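Encoded as structure tokens, the structure appears first; notes follow it.
Numbers restart at 1 for each chain; the letters A, B, ... are given by sequence-line order, proteins then strands. No experiment lies behind these values; they were computed from the predicted model shown.
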Amino acid sequence: MFTIMPDTLRYILASESALTSITVRGWVRTRRDSKACSFIEVTDGSCFKGLQIVVDASLPCSSLMPSILTGASIEVDGDLIASPAAGQKWELQAKDVRLLGEADATYPLQKKGHTPEFLRTIAHLRPRTNLFSNVFRVRSRMSFAIHRFFQEKGFFNVHTPVITSSDCEGAGELFRVTTLKQGSNAKPEDDFFGRPTYLTVSGQLQGETFACALGNIYTFGPTFRAENSNTARHAAEFWMIEPEMAFYDLDADMTLAEENVRYLASAMIQECPEELEFFSKFVDKNLLSRLQQTIDQPFQRISYTDAVDLLLKSGRTFEHAVVWGEGLQTEHERYIAEEHVKGPVTIFNYPKGIKPFYMRQNDDGKTVAAMDLLVPGIGEIIGGSQREERLDVLTAAMQHHGLSEADYQWYVDLRRYGSVPHAGYGMGFERLLMFVTGVSNIRDVIPFARTPGHAPY
RNA sequence: UCCUGAGUAGCUCAGCGGUAGAGCGGGUGGCUGUUAACCACUAGGUCGUAGGUUCGAACCCUACCUCAGGAGCCA
């Protein structure tokens, strides 16, 4: 049907001059009729803006107008001319309009605002809305920016497995992967892989093996947690970026994490200006200033011990008591990021009792070289650590956590053969997207959200 | 999983013991280089589900389901 690749609206709307005899394809947003002509607003997804098409009532194709309802797909031949009316620079003076696919009155997306909750129930159609087309264009560009950030620094992208038999301890509940029939009493040895396997909760452990070979690596892929978490910030399937760097200590790790967040805030401003304008106007009025502040101001770093002190001295009464040795609660993190620092902040050197076995023990004997990067409004966006590279300390920690060395033999081998200091972190891609778009629910920044009890597509 | 709140027309909501309502969207007619156009008319509902209280329940009670906000777990 199409002999040439059609020009997108992104290209056409950026035109410096009028264009004759072009063809446009897209989906109808609205149609308004007047006596002499009809106005059709069309979008094709290539950019936020749509194109106004003017169909003269004298054209034969004007008889199609009653069937050109919101949601229909059309193809239009015409000339791109300067619009005589306010509201748009260009418009397409139609010569012929063809209806490609009609949409009747049952089309759920009307010419009016819809709630994100309703749009979640029609996840197959919501990318056609202003909000979601903007979100998913940003998602694509941020994904590319992440690869660019690491590739420009010479990092290698490693594809760690999705199916794994190792539990990255501390990361949460796992989804079991099996070919055994429900209710069968077959043993794990009879299963497809001859052992229990799961969907990965983190590529970190495998990432470490590649860092200890290629130097600096990163993973970027789907991650699965079977936690019964029902919040705006958790999904059972999400995408995570996990860099792992040989010869990095915690300080270098934190520096990279900060640079990473700053780079992506900058990419948002530079590469998604139309989308940013939309989000700043309709989603989060403070978005632009928050991104600008992220770029301009140095990130603060506060040790866990100092964080506990400042919380105790804040004069605030918190719902959960502030106790050294226990995790910081959401209200504590929010106070630090949103009221004390008023910007991104990294908390480091957490008590070892609340952190997993692989984090490097500090000389004080009480803390480990762990860090969390918190941003206002979202909380933890990055969590990382320097890894324990000393064989004896690692095996002792494993014993203390009740883990069998045999299960982690390959991981321990990294400390047995040419061990080096190394560090890494995990950044939640969806949380990053929430940060750069202002969208407040994780279900609205991932194409098809998987949350407890919900996987309809 | 816990706490709180909400489920009424395709969508957004009002009604809160006595005949089921509005705006948007759809249809019909009118007007207009219109901008989520405007004006008039019109069609459209087992009031989340199941029980209960009552002469009478969308409204009160109980259970369940779903969704949202907050909490925990974390990215």
Any chance the side chains of A:Gln329 and A:Glu333 put a donor and an acceptor closer than 3.5 Å?
-> no
**Prompt:** Are the aromatic rings of A:His124 and A:Phe448 close, with centres under 6.0 Å apart?
**Reply:** no
Given protein heavy atoms under 4.0 Å, the one-letter contact record of nucleotides 66-71 of chain B, with B base, S sugar-phosphate only and - none, is simply -SSS-B
- Does A:Phe429 stack onto the base of B:A75, taking stacking as ring centres under 5.5 Å apart and planes under 30° apart? no
Residues in residues 127-141 of chain A with a heavy atom under 4.0 Å of RNA chain B, by number, are none
- Within 6.0 Å of CZ in A:Phe156, more than 12 heavy atoms from elsewhere: no
CZ (A:Phe149) and OH (A:Tyr263) are apart, to the nearest 0.5 Å, by 8.0 Å
**Message:** Could you check whether any side-chain N or O of A:Gln386 sits under 3.5 Å from a backbone N or O of A:Met359, counting only pairs where one atom can act as donor and the other as acceptor?
**Reply:** no
By nearest-nucleotide position on RNA chain B, the 5'-leaning member of A:Thr115 and A:Gly428 is A:Thr115
Exercise for review: Step through it carefully: locate the ring centre of A:Phe318, locate the ring centre of A:Tyr335, and say whether they are under 6.0 Å apart.
Suggested key: yes
Are any protein N/O atoms closer than 3.5 Å to N/O atoms in nucleotides 39-50 of chain B? If there are, list each pair with its distance.
none

(Q) Using a strict threshold of under 4.0 Å (side-chain N to carboxylate O), is an ion pair present between A:Arg316 and A:Glu331? (A) no
Could you verify whether a donor N or O on one side chain and an acceptor N or O on the other, from A:Glu237 and A:Thr223, lie under 3.5 Å apart?
-> no
Exercise. If you look at every strand shown and take non-hydrogen atoms under 4.0 Å, does A:His234 touch a base, only sugar-phosphate, or nothing?
Worked result: base
If you look at every strand shown and take non-hydrogen atoms under 4.0 Å, does A:Leu432 touch a base, only sugar-phosphate, or nothing?
nothing
Nucleotide by nucleotide, nucleotides 28-34 of chain B touches protein heavy atoms under 4.0 Å in the pattern (B base, S sugar-phosphate only, - none) ----BBB
Scan A:Ile378 against the nucleic acid and name what it touches under 4.0 Å (heavy atoms): base, sugar-phosphate only, or nothing. nothing
| query | With rounding to whole Å, what would you report as the distance between B:G15 and B:G33 at their C1' atoms? | reply | 42 Å
Residue pairs passing the salt bridge (Lys or Arg N to Asp or Glu O under 4.0 Å) test with at least one member in residues 435-452 of chain A, sequence neighbours excluded, are A:Arg120-A:Asp444, A:Arg126-A:Asp444
Looking at side-chain heavy atoms only, is the closest gap between A:Val162 and A:Leu199 below 4.5 Å?
yes
Checking N1-N3 plus N6-O4 or O6-N4 for Watson-Crick, or N1-O2 and O6-N3 for wobble, each under 3.5 Å, the partner of B:C67 is B:G5
Under 4.0 Å, counting only non-hydrogen atoms across every strand here, what does A:Met427 touch: a base, just sugar-phosphate, or nothing? nothing
Is a side-chain N or O of A:Glu91 found less than 3.5 angstrom from the main chain of A:Val54, in a donor-acceptor match? no
Separation between CG (A:Leu9) and CZ (A:Arg25), nearest 0.5 Å, reads 11.0 Å
Polar atoms only, N or O, under 3.5 Å: list the protein pairs with nucleotides 25-27 of chain B and their distances.
none

How far, in whole Å, is B:U19 from B:C65 if one measures between their P atoms? 34 Å
pair_partner(B:A50), Watson-Crick or wobble, both distances < 3.5 Å, evaluates to B:U62
Checklist entry - Heavy-atom count around A:Phe210 CZ within 6.0 Å, excluding the residue itself: above 12? => result no
Scanning all shown strands, the Watson-Crick or wobble mate of B:G44 with both distances under 3.5 Å is none
**Prompt:** Within 45° of the axis and under 6.0 Å from the centre of the six-membered ring of A:Trp90, does NZ or CZ of A:Lys49 qualify?
**Reply:** no
*asked:* Roughly how many Å apart are B:G45 and B:G26, using the C1' atom of each and rounding to a whole number?
replied: 16 Å
Is the A:Phe357 to A:Tyr408 ring centre distance short of 6.0 Å?
yes
query = Are A:His147 and A:Phe220 close enough, and set up right, to give a ring pair (Phe, Tyr, Trp, His ring centres under 6.0 Å), and what steps lead you there?
reply = CA-CA 8 Å; A:His147 282 289; A:Phe220 186 0; 5.4 Å; yes
Under a 3.5 Å limit on both distances, the Watson-Crick or wobble mate of B:A22 is B:U12
query = So what does A:Ile382 hit on the nucleic acid, given a heavy-atom distance under 4.0 Å: a base, only sugar-phosphate, or nothing?
reply = sugar-phosphate
Taking a pair to mean Watson-Crick or G-U wobble geometry with both distances below 3.5 Å, B:C74 pairs with none
Q. Is a donor on one side and an acceptor on the other found under 3.5 Å between the side chain of A:Tyr457 and the backbone of A:Ala123?
A. yes
